[in-house]
Amino acid sequence: MAKIAAVEPGTDYVQHIFGRRGLPADAQQAYLERYAAHNAHEIQPYMNTFAWSSKQCYLALANMMTGAASLGIDSCPIEGFSKSAVEALLAIDPQQYGVVAAVTFGYRAGEQTPRLRQPLADLVEYR
């Protein structure tokens, strides 16, 4: 789930995140101001808070899946679901949180099917 309201500049959550660094008050305030400026100039002109928070969730999801793969555990991220239905089922306040993805972990029952990937040269350009 993505935190939505909590990651807005000036919230108690954001202040707590920067406060746990144990910085002097002026340094902490400088970080909070940079965070607010980044939000105003680099996030909000291009996407809403849920979209940005979702991107942050995918960073964690990628690490979870990579860690699982290193242990021989398969995983599959899933986006094809009704976000509002899942949030209602789990009694999630959509003003505070938003379901981003589901992921399954487990061991495959049979051999992996051949991967049908495009050639790297068709996808990557080196300059």
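Keep in mind the model is a prediction, meaning the values are calculated, not measured. Note that the numbering runs from 1 along the sequence shown for the chain.
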key: Those residues that, when tested against Lys83, pass salt bridge (Lys or Arg N to Asp or Glu O under 4.0 Å) (two or more places apart)   = Glu87
Glu111: salt bridge (Lys or Arg N to Asp or Glu O under 4.0 Å) partners, not counting sequence neighbours = none
Can you tell me how far the [atom1] atom of [X] sits from the [atom2] atom of [Y], to the nearest 0.5 Å?
X      : Y     : atom1 : atom2 : answer
Glu8   : Tyr13 : CD    : OH    : 13.0 Å
Glu33  : Gln28 : CD    : CD    : 11.0 Å
Tyr107 : Asp74 : OH    : CG    : 9.5 Å
Asp12  : Ile17 : CG    : CD1   : 11.5 Å
Met1   : Phe50 : CE    : CZ    : 11.0 Å

Among the clusters formed by ILVMFWY side chains lying less than 4.5 Å apart, do [X] and [Y] turn up in the same one?
X      : Y     : result
Leu59  : Met65 : no
Val100 : Ile78 : no
Val86  : Tyr58 : no

request  = Hey, can you tell me if Tyr31 and Phe18 have their rings parallel, tilted or perpendicular (30° and 60° cut-offs)?
outcome  = parallel
Within a reach of under 6.0 Å around [atom1] of [X], are more than 12 heavy atoms found that belong to other residues, nucleotides or ligands?
X      : atom1 : answer
Arg21  : CZ    : yes
Gln112 : CD    : yes
Tyr97  : OH    : no

Nearest heavy-atom neighbours spanning [X] and [Y]:
X      : Y     : value
Ile4   : Gly98 : CD1-N, 3.7 Å
Leu23  : Ala27 : CB-CB, 4.0 Å
Val103 : Ser75 : CG2-CB, 4.3 Å
Ala2   : Ser54 : CB-N, 4.1 Å
Pro94  : Ile92 : CD-O, 3.0 Å
Val7   : Ser53 : CG2-OG, 3.5 Å

query = Is there a side-chain contact (heavy atoms from CB on, under 4.5 Å) between Ile43 and Thr49 once you walk through the steps?
reply = CA-CA 8 Å; Ile43 297 172; Thr49 303; 5.8 Å; no
message = Evaluate Leu32 against Gln15 for side-chain contact (heavy atoms from CB on, under 4.5 Å), listing each step before the verdict.
response = CA-CA 7 Å; Leu32 291 168; Gln15 291 180 16; 4.1 Å; yes
message = Using the rule given for side-chain contact (heavy atoms from CB on, under 4.5 Å), can you reason through Val99 versus Phe81, listing the C-alpha separation, both sets of side-chain angles and the distance that settles it, and then say yes or no?
response = CA-CA 10 Å; Val99 174; Phe81 58 87; 3.6 Å; yes
